[in-house]
Amino acid sequence: MISPYIQAFQLSLTSWNGYQANPAFVGFENFTRLFNDEVFWNALRTHGIVLLVMPLVVLALALVFAFLLNLGGGSRGAGMRGVWGSTFYKVVFFAPQVLAVAIVGVLWKAIYRPDESGVINGAVMKMGGEPIGWMSDPNLALWSLIAVMVWQAVGFYVVLFSAGMSAIPKDYFEAASLDGAGRFTLFFRITLPLLRDTIQVGWVYLGIAAFDCFALVQVLTLDAGGPDGATTVLPVEIFKTAFSYSKVGYASAMGVALFFLTVTFAVLTLRVTRREKIEM
């Protein structure tokens, strides 16, 4: 793992096209060019939107679903229980997680098709509406992509938060229920504070995913990042630059930039959300 990173750093200082035996050393020329590259900044804008929206939506939905599936049914006898059928719902929520990302992309490509063969547009057209260009409209494409990312990710975090909730002593919930606390109070006063470390881990995971999403963009979007660059991300641009344009040195510079962006996000998140551990 370390060796490829070191090689990427070395290649980022060259003009290697992937075939030269002795690539020319260009120093920081690739990075200077990178910071003046409109495509690079457009990809960063996409990452920024995904980073702001996707983790918040995934974590909010996963927390609510996990709470309902584990504690939403109220008290029963000597303990707390989830809603009726919670075991079945856990399987349903987790099902997208077992699919390969490429399969998820192909599946949603069929759902988003802009004609009557599409699952959504087919229903819309049967009701007399006009078909919607989910992935062909620059104003909708990124939000449609984020919706798929949320759909695929929620199940994993439902399971993650369910495991965290199972580690919280049920006595806390039972005592609060006996004192008259409702589900709203149980969720915000007990569950969230005691799940803070788990939420922190989930936030870091989702942030890293926001800097990736290569396979989904490559399979689902028009021209791998379209239309008009509305869904382009750095991993896709790295792939295109290296293997379509044979500019491996410049692609490596993009990879180095992506590496430092991801590490910086993870470190800042862990430091900002750090606190004293709560003893249970």
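In this chain, numbering begins with 1 at the start of the sequence shown. Everything quoted here is computed from the prediction, not taken from an experiment.
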Do Asn30 and Leu13 pass the side chain to side chain contact (heavy atoms under 4.5 Å, CB included) test, and can you show the C-alpha distance, the side-chain angles, and the key distance before you say yes or no? CA-CA 7 Å; Asn30 286 326; Leu13 304 176; over 6 Å; no

Checking side-chain contact (heavy atoms from CB on, under 4.5 Å) between Leu145 and each of Leu220, Val50, Val233, which is the one that passes? Leu220

Can Leu44 be reached from Phe31 by stepping across I, L, V, M, F, W or Y side chains whose heavy atoms are under 4.5 Å apart? yes

Could you go through the side chain to side chain contact (heavy atoms under 4.5 Å, CB included) check for Leu195 and Leu63 one step at a time? CA-CA 9 Å; Leu195 278 182; Leu63 281 167; 4.0 Å; yes

Okay, side chain of Thr46, backbone of Asn42: is any donor-acceptor separation there less than 3.5 Å? yes

Measuring only between side-chain heavy atoms, which start at C-beta, is Leu107 closer than 4.5 Å to Val148? no

If only atom types and distance count, is the side chain of Trp41 paired as donor or acceptor with the main-chain N or O of Phe35 below 3.5 Å? yes

Is it the case that over 12 heavy atoms from other parts of the model lie below 6.0 angstrom from the CZ atom of Phe28? no

With distance as the sole test, does Ser166 use its side chain to make a donor-acceptor pair with the main-chain N or O of Ala163 at under 3.5 Å? yes

Within a strict 4.5 Å, meaning less than it, do heavy atoms of the Ser252 and Lys247 side chains meet? no

Could you check if a side-chain atom of Phe265 sits within less than 4.5 angstrom of a side-chain atom of Leu51, using non-hydrogen atoms only? yes

If you apply the rule ring pair (Phe, Tyr, Trp, His ring centres under 6.0 Å), what do you find for Trp143 with Trp134, and how did you get there? CA-CA 9 Å; Trp143 301 108; Trp134 298 104; over 10 Å; no

How long is the span from the CG atom in Leu68 to the CZ atom in Phe65, to the nearest 0.5 Å? 8.0 Å

Answer yes if the side chains of Thr14 and Gln10 hold a donor-acceptor pair under 3.5 Å, and no otherwise. no

Taking Asn17's backbone N and O only, do any of them form a donor-acceptor pair with Gln20's side chain (distance below 3.5 Å, no angle check)? yes

Tell me whether Leu34 shares a hydrophobic cluster with Val248, the cluster being built from Ile, Leu, Val, Met, Phe, Trp, Tyr side chains joined at under 4.5 Å. no

Does one side chain, of Thr232 or Glu237, offer a donor that lies under 3.5 Å from an acceptor on the other? yes

CZ of Arg113 to CG of Asn121, rounded to nearest 0.5 Å, is 10.0 Å

Atom pair CG (Leu258) and CG (Asp212), whose distance is rounded to the nearest 0.5 Å: 8.0 Å

Answer yes or no: are there more than 12 heavy-atom neighbours, outside Phe94 itself, under 6.0 Å from its atom CZ? yes

Do Phe93 and Phe156 pass the ring pair (Phe, Tyr, Trp, His ring centres under 6.0 Å) test, and can you show the C-alpha distance, the side-chain angles, and the key distance before you say yes or no? CA-CA 8 Å; Phe93 285 135; Phe156 173 81; over 10 Å; no

Can you establish whether the number of heavy atoms outside Arg45 located under 6.0 Å from its atom CZ is more than 12? yes

Asp37 versus Tyr250, side-chain donor and acceptor atoms under 3.5 Å: yes

Shared hydrophobic cluster, Val219 / Ile111 (ILVMFWY, side-chain heavy atoms < 4.5 Å): no

First locate atom CE of Met135, then atom OG1 of Thr231, and finally report the distance between them rounded to the nearest 0.5 Å. 5.5 Å

Whether over 12 other heavy atoms sit under 6.0 Å from Phe25 CZ: yes

May I have the step-by-step check of side chain to side chain contact (heavy atoms under 4.5 Å, CB included) for Val26 and Trp16, ending in yes or no? CA-CA 10 Å; Val26 296; Trp16 192 42; over 6 Å; no

Around atom CZ of Phe9, are there more than 12 heavy atoms of other residues, nucleotides or ligands at under 6.0 Å? yes

Rounded at 0.5 Å granularity, tell me how far NZ in Lys240 sits from CE in Met254. 10.5 Å

Please examine the side chains of Tyr157 and Leu206, heavy atoms only from C-beta on, and report whether any two atoms are closer than 4.5 Å. yes

Could you tell me whether the side chain of Lys90 and the main chain of Leu69 form a donor-acceptor pair under 3.5 Å? no

So do the side chains of Phe161 and Thr198 get within less than 4.5 Å of each other, counting heavy atoms only? yes

Using a 4.5 Å cut-off on heavy atoms from C-beta on, say whether the side chain of Ile2 contacts that of Tyr5. no

Give the minimum heavy-atom separation between Ala230 and Leu142, together with the two atoms involved. O-CB, 3.9 Å

Below 4.5 Å, heavy atoms only, C-beta onward: do Val104 and Trp151 meet side chain to side chain? yes

Side-chain heavy atoms nearer than 4.5 Å, only ILVMFWY residues, links allowed to pass through others: does that put Val272 and Leu52 together? no

Could you give the distance from CE (Met149) to CE (Met54), rounded to the nearest 0.5 Å? 3.5 Å

Would you say Leu56 and Ile199 are hydrophobically clustered, going by side-chain heavy atoms of ILVMFWY under 4.5 Å? yes

More than 12 heavy atoms of other residues, nucleotides or ligands under 6.0 Å from CG of Asn22: is that the case? no

Mind checking whether Pro227 and Asp137 have side chains closer than 4.5 Å, heavy atoms only? no

